[in-house]
Amino acid sequence: MIGDRELLREACAARIHAYAPYSHHLVGAALLGRSGKIYRGANVENSVNGLSICAERVAVAKAVSEGEREFVKLAVVCGDTGFCRPCGACRQVLFEFAPQIQVVMGNTRGEFEVKSLAELLPAAFDGSSFKRSAS
Ligand code: THU
């Protein structure tokens, strides 16, 4: 299986294609599917407020729309210092498909730390009450 450092490199490669003329905050993500396939994502902004999409969610949408729904690991990178943190919305979207996923949070210098999504999004909303009331 691909290592954390290598997945982070994939996220750096994805970041090159970020479209962020408004925030100038370039983000890259690489999502490892159970199949072994890697899905890259970059943030895509829009002049209309609220229509921008995060790198992580681009990667998830690419994977799911290609038939993959089980994920092992996600790497995310933005700046050259500190560790890039996925936003709350992206954490919830990851939780939908992969509550057990490991998240590699890094920077373009290759430094990173790894946390589980359970650590990043404790006591998550899992839709169980919603699904019960709908039946
Ligand atoms: N962004 C991401 O791509 N991922 C995150 O987890 C947080 C924020 C993007 C969205 C926007 O294009 C820019 O970073 C500034 O918020």
Side-chain angles (χ1 to χ4, degrees):
M1 209 224 290
I2 183 171
D4 296 346
R5 199 166 295 281
E6 219 177 329
L7 197 63
L8 189 69
R9 269 201 292 272
E10 287 282 330
C12 288
R15 183 178 175 271
I16 291 167
H17 301 295
Y19 176 73
Y22 305 102
S23 73
H24 305 290
H25 186 61
L26 309 179
V27 187
L31 181 64
L32 175 64
R34 182 82 57 203
S35 67
K37 201 168 160 188
I38 294 165
Y39 302 88
R40 291 181 182 178
N43 55 329
V44 181
E45 297 188 345
N46 192 275
S47 59
V48 176
N49 273 344
L51 295 188
S52 299
I53 182 165
C54 294
E56 301 91 317
R57 275 181 284 157
V58 168
V60 171
K62 281 174 70 177
V64 173
S65 63
E66 288 178 28
E68 182 127 32
R69 293 184 182 174
E70 288 181 42
F71 307 114
V72 180
K73 215 185 300 186
L74 171 96
V76 60
V77 69
C78 35
D80 59 4
T81 54
F83 302 126
C84 190
R85 308 293 186 196
C87 77
C90 289
R91 293 177 196 201
Q92 184 67 39
V93 168
L94 286 169
F95 185 83
E96 179 76 18
F97 296 100
Q100 315 290 344
I101 198 168
Q102 294 294 115
V103 184
V104 180
M105 297 168 287
N107 61 45
T108 55
R109 290 190 300 183
E111 298 159 340
F112 64 91
E113 67 174 8
V114 186
K115 287 184 191 289
S116 66
L117 184 61
E119 286 175 276
L120 296 174
L121 190 68
F125 176 73
D126 66 0
S128 55
S129 53
F130 170 75
K131 285 172 198 152
R132 252 201 314 280
S133 61
S135 62

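Whatever order the structure lists ligands and atoms in, that order sets their numbers, starting from 1. Numbers here simply count residues along the sequence, with the first being 1. Since we're looking at a predicted model, the values are computed, not measured.
Not one N or O of C54 is nearer than 3.5 Å to an N or O of ligand 1, by distance alone. Ligand 1 has no N or O atom lying under 3.5 Å from any N or O atom of S52, backbone or side chain. Taking only nitrogen or oxygen atoms, main chain and side chain alike, C87 reaches within less than 3.5 Å of ligand 1.
The side-chain heavy atoms of F71 and L94, taken from C-beta on, include no pair separated by under 4.5 Å. When side chains are defined from C-beta on, R109 counts as touching T81, because their heavy atoms get closer than 4.5 Å.
For Q100, the CD atom is loosely surrounded, since the number of other residues' heavy atoms within 6.0 Å does not exceed 12. Around the CZ atom of R85, the shell of radius 6.0 Å holds more than 12 heavy atoms that belong to other residues, nucleotides or ligands.
Ligand-side atoms of ligand 1 in range of E56: 2 (C), 3 (O), 4 (N), 5 (C), 6 (O), range being under 4.0 angstrom from any heavy atom. Heavy-atom contacts of S23 reach the following atoms of ligand 1: 13 (C), 15 (C) (cutoff under 4.0 Å).
Under a 4.0 Å heavy-atom criterion, P86 is in contact with ligand 1.
There is a protein heavy atom closer than 4.0 angstrom to atom 4 (N) of ligand 1.
Remark: E96 does not engage R69 in a salt bridge, criterion side-chain N to carboxylate O under 4.0 Å. The pair E68-R34 does not meet the salt-bridge criterion, since no charged nitrogen lies less than 4.0 angstrom from a carboxylate oxygen.
If you check which protein heavy atom lies closest to atom 9 (C) of ligand 1, you get N43 ND2, 3.6 Å. Protein heavy atom at the shortest distance from atom 14 (O) of ligand 1 is H25 CD2, 3.2 Å. Shortest contact from atom 12 (O) of ligand 1 to any protein heavy atom: E45 OE2, 2.5 Å.
Separating the CD1 atom in I2 from the NZ atom in K37 is a distance of 14.0 Å, to the nearest 0.5 Å.
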